[in-house]
Each structure stands twice: as structure tokens, then as C-alpha cells.
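Take a look at the structure below.
Numbered from 1 within each chain, the chains take letters A, B, ... in sequence-line order. Only heavy atoms go into these numbers, but all of them, side chains included; no hydrogens, no water, no symmetry mates.
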Number of protein chains: 2
Amino acid sequence: MAQSDTVDRILDAAEELFADRGFSETSLRMITSKAKVNLAAVNYHFGSKNALIHAVFARFLTPFSATLESAFDELEERCNGKPPTLNQTLWALTESAVRMPQRNEKGISIFMRLLGLAYTQSQGHLRKFLEQEYSEPFSRFMRLLKEATPQLSSVDRYWRIQFMLGATAFTMSSSDALRDILQNKLGVETTVQEIAARLVPFLAAGMQAEDAMLIPPAGSKVSVA
Amino acid sequence: MAQSDTVDRILDAAEELFADRGFSETSLRMITSKAKVNLAAVNYHFGSKNALIHAVFARFLTPFSATLESAFDELEERCNGKPPTLNQTLWALTESAVRMPQRNEKGISIFMRLLGLAYTQSQGHLRKFLEQEYSEPFSRFMRLLKEATPQLSSVDRYWRIQFMLGATAFTMSSSDALRDILQNKLGVETTVQEIAARLVPFLAAGMQAEDAMLIPPAGSKVSVA
DNA sequence: ATGTGCTTCAAACGTATGTTTCAAACAGAC
DNA sequence: GTCTGTTTGAAACATACGTTTGAAGCACAT
């Protein structure tokens with residue numbers, strides 16, 4: 001699909017294979033043979049496998065972060081002065097993700113899966129790269145979350161953000177498989193948009209949960225009302 | 001530490017390295033040199049690297065699933081007849097995890113990280129192994145969740161369980177890194193028990209969220225039919 | 001002490017990986 | 001057409017991996 005330019009063919013193949021199997025488990029030979037290009041092309045065009053990984057992320061993260069920035073701009077303008085609510089902030093994010101121009105029907109799913117891998121697969125170089133390149137929209141999102149949940153302590157907010165990230169990345173990364181299971185079990189069709197629409201209330205509720213922070217003493221029969 | 005039996009030394013080293021770096025990124029040579037045993041010992045005692053991975057999981061998952069079963073037994077008995085609440089069910093799970101006898105101070109953290117890896121790192125053989133060996137406590141947990149949330153539709157419950165799994169697996173799989181970040185940023189120390197204690201209220205609140213499925217704010221192009 | 005079964009050891013095997021090499025093919029400018 | 005810089009191609013490189021081998025070591029019953 002798209003143009004038959006070598007660089008793009010490599011990126012397309014790498015993106016899909018990385019999302020399917022992870023980084024270490026995907027060899028350059030798999031990528032180049034799927035892309036139908038010569039093995040040496042990766043090192044010629046990108047320099048190294050790690051640089052290819054960075055390029056795969058940059059290709060969708062750069063336009064996404066631009067879309068996100070303008071979504072935040074619009075949101076803050078619409079709220080003129082007052083901080084956007086948690087729901088508004090989360091919706092701005094998911095809408096930006098869903099509205100991204102997709103290379104194919106699996107686009108959003110691959111997108112999410114890669115983001116999840118970036119976090120869980122402890123590739124030091126990737127972490128460093130992402131932090132350097134995309135710290136701005138990330139911190140802005142964090143700031144909006146902070147302003148939308150002033151009742152939370154910094155520590156509480158930090159962890160709950162991690163929980164949100166996890167629920168999102170995990171669900172979206174395997175959304176294809178999960179959709180299939182649901183289809184077979186209950187005969188229900190589901191779109192990614194619908195998953196997002198179910199996810200956001202879950203996240204918002206969790207984020208705003210009453211803090212029932214009692215670490216139950218050993219032996220206690222816990223009952224959190 | 002413990003006995004200097006070769007098998008245990010290998011398991012100890014493998015467990016720690018797997019938790020630190022993932023499965024594919026950990027070589028048998030790293031494991032055997034850390035364990036100070038001969039390279040061939042792994043294949044001699046376990047048969048293959050995959051079998052070693054299974055053994056690492058079995059060593060803590062078998063006693064854990066036993067602990068969990070009895071925690072569920074006790075919980076259901078205590079509720080005599082009435083289904084346990086969502087909070088009770090979630091706490092029974094996390095308590096069982098936290099109370100497991102630890103090999104060292106990093107025990108629970110390694111435990112969680114490995115569980116997270118099992119989900120996120122798409123090792124087919126591991127998935128199959130875990131499903132075959134530990135399906136019973138898993139289905140029981142699912143049944144308890146169903147009884148604790150009768151107000152949810154099957155579809156809603158299905159997705160929200162995925163969200164819970166995701167938040168948990170994701171957070172736990174990178175809990176060390178996340179703890180370090182928190183330590184550096186806010187100077188706060190965190191134990192795994194505290195993370196779990198923060199996670200449970202988040203999950204419970206998300207699970208029981210009002211189904212506000214129509215939230216997309218004004219100006220949104222998302223329409224969830 | 002001698003033989004037996006299990007365990008360790010150093011070395012090698014075959015395969016797969018990321019990377020490099022250098023000649024051939026190509027495109028566009030003159 | 002010829003030259004020039006860029007891209008492709010097949011092959012090799014060095015290294016790392018999981019696994020296998022066969023001899024040596026060991027504990028222990030006879």
C-alpha cells in the first residue's frame with residue numbers, strides 16, 4: 001500500500017512486526033523480507049536497528065503529538081481560563097488518537113500496542129528517545145490532569161495515571177484479540193471507538209475514586225465499604 | 001543464599017534476570033554465570049530455556065494459587081451464601097499475593113513483574129503453559145467478579161475486567177522503573193504493598209463506574225451508537 | 001577397591017543475529 | 001553518451017545464541 005518507496009516499505013513492515021512480536025523478537029531479516037527489500041537497506045537508510053525503532057515511533061508519534069497539541073489548544077480556549085475537566089481532557093486525548101489518519105484498519109491498534117511495548121519492553125534507548133522528543137505534549141497532558149484532579153495528592157495522582165496508562169495500552173494493544181473473543185462468546189460486535197467510549201468512564205471513575213487507602217493489617221478480614 | 005543446590009541457584013538467578021530484562025533479552029549464559037554454574041546445567045536439569053521459564057513460574061505460581069484458593073474458600077465461607085463484594089474479592093487477591101512467603105526483599109516485586117511480563121511479552125508457550133496449569137483459580141476469580149457486579153451487562157463487565165487486568169499487569173510489569181521515577185521526582189519511597197493498596201480502590205471505582213456512555217463533549221465528532 | 005548412577009565441565013555444534021563490504025544498477029546533470 | 005552521486009544486491013563478517021557432546025568428577029552401595 002501507499003508508495004513503494006523503500007524507506008516506507010521498511011517502516012510499514014517493521015511497525016506491524018514490532019507490534020505483533022516485540023522488538024527483540026523481530027529480526028531485520030523478517031522485516032526486510034516482509035517489506036521485499038534487501039537486508040542491507042535497513043542499515044543503509046536508518047543506520048541501525050535501534051534507529052529504525054526510533055523512526056517507526058517518530059512516524060506516528062510526531063503527527064499525533066501535533067494533533068494532540070491542537071486538541072488541547074482548542075479545549076483550553078473553549079474553557080477560557082477555567083481548567084478543563086477530567087472527562088474533557090481524557091476525551092481530547094482519545095479523540096486525537098481515534099481521529100489520526102490511519103494507514104490501514106489496524107492502525108489505531110498497532111499504534112496502541114507500540115506505545116504499550118515502549119513502556120513495558122525495557123529498551124533503554126527507546127525510553128530515552130521518547131522522553132527527549134515528546135516530553136512537551138506529555139507534560140502538558142500531565143498538567144491538565146493535575147488541574148483536573150486538584151483533590152489528589154501528587155503521589156496518588158502519579159500512580160493513578162500509571163493505572164490509566166496501563167488499562168489503555170493493554171486493552172488497545174490486544175483489542176483485536178479481545179474483540180474476537182467477545183464476538184465469539186457473546187456475539188457482540190465492537191469498534192475501537194466503542195472500546196474507547198467504555199474506557200474513558202472507567203478511567204475517570206478510577207481517577208476520582210475515594211481514597212480508601214487502608215492497608216489491611218495481617219489477618220484482618222478486610223471490608224472496604 | 002539458601003542452599004547451594006544447582007537447580008535452585010539457576011532458578012534464583014533466572015527469576016531475577018527475567019524480571020529485570022525480560023525473557024528474550026536474558027541469555028542462558030547470563031543466567032549460568034550469575035548462578036555460578038556450568039552453562040550446560042540448564043539444559044541438563046530443565047531440558048530447555050522454555051522449560052526453565054515454566055519452572056520459574058511454577059515455583060511461585062503453584063504455592064500462590066494454593067494460597068489464593070484458600071483465601072477464596074475462607075472468603076466465601078465468611079459470606080455464607082451471599083456473594084462476596086467486589087472489594088472483598090480484590091483484596092483477597094492482593095492479600096494473597098502480598099502475603100506469599102518471599103525468598104528475599106525483592107520477592108513480591110519480582111513476582112509482580114514476572115506476572116506482568118507473562119501477559120505483555122507474547123511468549124506463546126508461556127501463555128499456553130499458564131492456561132493449562134492455573135486455569136482453575138483464574139475462572140474462580142472471574143466467577144466471583146461476575147457475582148460481585150450483577151448490575152453490569154456481560155459486555156460491560158467483560159471490557160472492564162480487561163481494563164483491570166491491563167492496569168494491573170502494566171503497572172506491575174514496570175513497577176520498579178515507576179518506583180524509581182517517583183523516588184527521583186518526588187523523593188517518595190514506595191513499597192509494592194502500597195502500590196497494590198492504591199490500585200485496588202482505583203480498580204473497584206472503575207469497575208463500578210456509572211455508565212456515562214454519552215460523554216463526548218460538545219464539538220466532538222465521536223458518536224457511539 | 002570397584003563399579004554404578006548422577007552431576008559437572010570445557011568444548012564444540014549449528015543456527016541466527018546485526019552489521020559491513022563492494023560491485024552492480026540506477027537516476028539525473030552536463 | 002558520459003560522468004556522478006545515490007540506491008540496491010548478494011555475499012560475507014563477526015558475534016551471540018540455545019543446545020549437544022563426551023570425558024571427567026563425584027558419592028555411595030557393594
Q) Rounded to the nearest Å, what distance is computed from the CG atom of residue A:D5 to the C1' atom of nucleotide D:dT6? A) 13 Å
Q. Nearest to the side chain of A:L28 - D:dT19, C:dT19, D:dT6?
A. C:dT19
Q) What's the closest nucleotide to the B:K49 side chain, out of C:dC9, C:dT19, D:dG18? A) D:dG18
Q: Report which part of the nucleic acid B:A41 touches: base, sugar-phosphate, or nothing (heavy-atom distance under 4.0 Å, all strands).
A: nothing
Q: Rounded to the nearest angstrom, tell me the gap between atom CG in A:L39 and atom P in D:dT8.
A: 13 Å
Q: May I ask you to decide if the ring planes of B:F111 and B:F64 are parallel, tilted or perpendicular, using 30° and 60° as cut-offs?
A: perpendicular
Q) How long is the line joining CD1 of B:I53 and P of D:dG18, in whole Å? A) 9 Å
Q: Compare the minimum distances between each of C:dA10, C:dA12, C:dT21 and the side chain of B:R29, then state the nucleotide with the smallest one.
A: C:dA12
Q. When the ring planes of A:F129 and A:H54 are compared, do they come out parallel, tilted or perpendicular, using 30° and 60° as the limits?
A. parallel
Q: Could you state the atom-to-atom distance from CZ of A:R9 to P of D:dT7 in whole Å?
A: 15 Å
Q. Of the nucleotides C:dT20, D:dT7, C:dT8, which one has an atom closest to the side chain of A:Y44?
A. D:dT7
Q) Rounded to whole angstrom units, what separation is found between the CZ atom of B:R21 and the C1' atom of D:dA16? A) 13 Å
Q. Do A:Q162 and B:T171 have side-chain atoms, one donor and one acceptor, less than 3.5 Å apart?
A. no
Q.
Taking the minimum atom-to-atom distance to the side chain of B:M30, which one of D:dG18, C:dT21, D:dC17 wins?
A. D:dC17
Q) Counting only side-chain N and O atoms of B:N43, is one of them less than 4.0 Å from OP1 or OP2 of D:dG18? A) no
Q. Are B:R140 and B:E76 within salt-bridge range, i.e. N to O under 4.0 Å?
A. yes
(Q) Any base atoms under 4.0 Å from B:T26, or only sugar-phosphate, or nothing? Heavy atoms, all strands. (A) sugar-phosphate
Q. Is the phosphate of D:dT8, meaning OP1 or OP2, less than 4.0 Å from a side-chain N or O of A:H45?
A. yes
Q) D:dC26 P sits how many Å from B:N38 CG, rounded? A) 14 Å
**Q.** Closest nucleotide among C:dT17, C:dT21, D:dT19 to the A:S27 side chain
**A.** C:dT17
Q | Nearest-angstrom distance from the residue atom CZ of B:F46 to P of C:dT7 | A | 12 Å
Q: Quick one: sort the B:F202 and A:F202 rings into parallel, tilted or perpendicular, breaks at 30° and 60°.
A: perpendicular
Q. CD of A:E25 versus C1' of C:dG18: gap in Å, rounded?
A. 16 Å
(Q) Less than 4.0 angstrom between a side-chain N/O of A:T6 and OP1 or OP2 of D:dT7, yes or no? (A) no
